[in-house]
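A short write-up of the structure that comes next.
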2 protein chains.
Amino acid sequence: MNNNVEILRKVKLFDAIDDKLEDMLQCLGSEEKKYDRGEIILMTGQPVTSVGVVLSGEVQIIQEDYYGNRSILTELKPGHIFGEAFASAGIKESPVTILAKSNCRIMFLAIERIISTCPNSCIFHSQLMENLLKILARKNILLSSKNQLLSQRTIRDKVLSYLGLQAEKKGSLEFEIPFSRNELADFLCVDRSALSRVLSQLKKDGTIEYQNQHFRLL
Amino acid sequence: MNNNVEILRKVKLFDAIDDKLEDMLQCLGSEEKKYDRGEIILMTGQPVTSVGVVLSGEVQIIQEDYYGNRSILTELKPGHIFGEAFASAGIKESPVTILAKSNCRIMFLAIERIISTCPNSCIFHSQLMENLLKILARKNILLSSKNQLLSQRTIRDKVLSYLGLQAEKKGSLEFEIPFSRNELADFLCVDRSALSRVLSQLKKDGTIEYQNQHFRLL
DNA sequence: TAATAACAGTTGCATATGCAACGTAAAAGG
DNA sequence: CCTTTTACGTTGCATATGCAACTGTTATTA
């Protein structure tokens with residue numbers, strides 16, 4: 001467990017629990033498991049009864065749609081967690097598959113141990129609940145604003161909405177975006193070259209200025 | 001308070017609290033306020049410190065983007081709640097405005113009273129936390145699957161993804177959808193006539209059959 | 001240093017989409 | 001019963017987009 005402390009400190013789920021972390025993990029009955037590259041951690045259709053914490057290695061979340069098309073929803077690195085929404089919602093059948101992208105170690109926390117009031121009524125337990133709540137709430141807000149972007153019908157509107165949000169966030173009309181062109185195109189779910197085209201037009205129109213990842217709204 | 005009981009029983013946030021509801025609301029220091037049609041319940045930029053429960057009337061959630069375009073995100077009816085994500089996340093400035101669409105009564109529950117452990121350590125308090133967690137988790141999953149739909153690039157793919165999800169949900173290739181054409185177009189964020197066109201094509205291709213709201217995948 | 005690969009912009013082209021306008025059928029309202 | 005409204009499909013047209021191919025620039029690596 002000691003060799004995990006560095007990682008565990010970075011996990012938001014454990015914020016403000018600090019030095020009592022090991023006690024709490026004991027109290028919650030956490031389990032650590034190892035997976036080899038390519039191994040399936042959780043299969044579509046299985047119940048999700050615990051929250052996973054990536055201790056080392058990388059993990060992919062994969063969705064297979066009705067017609068069998070697979071798509072990678074996200075990739076998780078050490079310190080990231082998964083399954084928190086499904087576990088909290090009491091989902092009986094996972095809609096996603098979780099796969100070890102590389103050899104990895106995962107820690108599992110049973111959700112019912114997190115939710116049920118601790119018999120020892122330790123203060124860390126309620127802190128954990130509060131953290132989980134905040135994580136879900138934040139993700140909610142994130143998903144909502146992404147929804148907002150994706151509901152724009154043209155690339156132009158998607159881009160302007162995105163840049164507008166960034167400007168608000170930084171509190172300035174001039175800012176850096178955290179994406180390369182490829183990544184931005186992926187994020188907005190549009191074709192890369194089409195994105196380039198629209199950006200060029202916006203620049204020519206005098207609506208925005210940019211160079212690489214630095215943008216300015218006019 | 002008595003005249004609200006009917007509504008309050010339908011509120012998921014109060015699931016499994018049953019007959020002790022009034023005690024709990026007292027314990028949490030709930031407040032009821034009245035608003036006239038058109039009055040602003042919460043202004044963009046204000047802090048969100050409580051969860052709102054619509055007791056009567058209708059409420060609109062409105063977003064104004066960076067360029068001043070207003071859009072109605074949702075409309076809430078009696079029994080619905082709002083602000084739970086912003087309050088739980090500890091958002092300092094609300095990104096949305098909440099407006100009374102008609103005369104209405106709203107009950108507010110301060111989030112810190114919900115989150116902090118109850119000094120009386122009443123069991124209903126932890127039930128409330130659990131309910132809130134579940135609500136956020138469910139909304140999370142809902143938003144994720146909507147994201148999935150919106151990230152499809154063509155109307156055809158959006159429609160097929162949507163119908164695929166519905167089929168999975170009903171466990172059958174034949175099912176009713178809960179939307180009219182207009183509503184479906186709104187939901188998928190596409191033009192109504194373009195949606196009609198795509199549906200016709202899919203029918204002609206022999207990919208699907210439908211009549212009104214009844215669909216069948218082939 | 002040269003070779004190679006990743007990244008970003010550009011362009012041609014087929015197709016998809018939004019938009020507006022129109023027609024029809026069913027529902028609502030007088 | 002007639003009128004009005006609403007829902008839905010259809011179509012023409014301008015435009016937006018995806019896709020593929022090509023270019024130049026910048027990193028990376030041998």
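As the structure is a computational prediction, the values presented were derived from the model and not from experiment. Below, read A as the first sequence line, B as the second, and so on, with proteins coming before strands; counting in each chain starts at 1. The figures that follow rest on heavy atoms only: side chains count, while hydrogens, waters and symmetry mates do not.
Residue A:Phe179 is out of contact with every strand shown, counting any heavy-atom pair closer than 4.0 Å. Residue contacts shown for B:Ser180 are limited to sugar-phosphate atoms, with no base heavy atom under 4.0 Å away. Residue A:Ser200 is classed as a sugar-phosphate contact, given heavy-atom separations below 4.0 Å to backbone atoms only.
As a whole-Å value, the separation of A:Leu202 CG from C:dT10 P is 12 Å. Whole-Å rounding puts the B:Asp186 CG to D:dA7 P distance at 11 Å. Taking atom CG of A:Asn212 as the reference point, atom P of C:dA6 lies 19 Å away to the nearest angstrom. The distance between atom CG of A:Leu199 and atom C1' of C:dC7, rounded to the nearest whole Å, is 14 Å. Remark: C1' of C:dC7 and CD of A:Gln211 are 15 Å apart, rounded to the nearest angstrom.
Side-chain atoms of A:Glu209 and A:His214 include no donor-acceptor pair closer than 3.5 Å. With hydrogens and angles left out, the side-chain atoms of B:Ser193 and B:Asp191 include a donor and acceptor closer than 3.5 Å. Between A:Glu32 and A:Asn4, the side chains place a donor N or O and an acceptor N or O closer than 3.5 Å (distance only, hydrogens not considered). Under the 3.5 Å distance criterion, with hydrogens and angles disregarded, no donor-acceptor pair is assigned to the side chains of A:Gln201 and A:Asp205. With hydrogens and angles left out, the side-chain atoms of A:Thr44 and A:Ser94 include no donor and acceptor closer than 3.5 Å. Residues A:Gln63 and B:Gln148 have side chains that bring a donor and an acceptor to within less than 3.5 angstrom of each other.
Between A:Asn182 and C:dA8 there is a side-chain polar atom (N or O) within less than 4.0 angstrom of OP1 or OP2.
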Can you give one letter per nucleotide of nucleotides 16-29 of chain D, 5' to 3': B if a protein heavy atom sits under 4.0 Å from the base, S if only from the sugar-phosphate, - if neither?
-BBBB---------
Show your reasoning for whether side chain to side chain contact (heavy atoms under 4.5 Å, CB included) applies to B:Met107 and B:Leu8.
CA-CA 10 Å; B:Met107 190 175 77; B:Leu8 294 177; 4.0 Å; yes
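Between its two ends, the helix from C:dT1-D:dA30 to C:dG30-D:dC1 turns its axis by 40°, counting five pairs per end and rounding to 10 degrees.
Between B:Phe215 and B:Tyr210, the ring planes lie parallel to each other; the angle is under 30°, not in the 30° to 60° tilted range.
The side chain to side chain donor-acceptor pair (under 3.5 Å) analysis of residues 149-158 of chain A, with sequence neighbours excluded, yields the pairs A:Thr154-A:Asp157.
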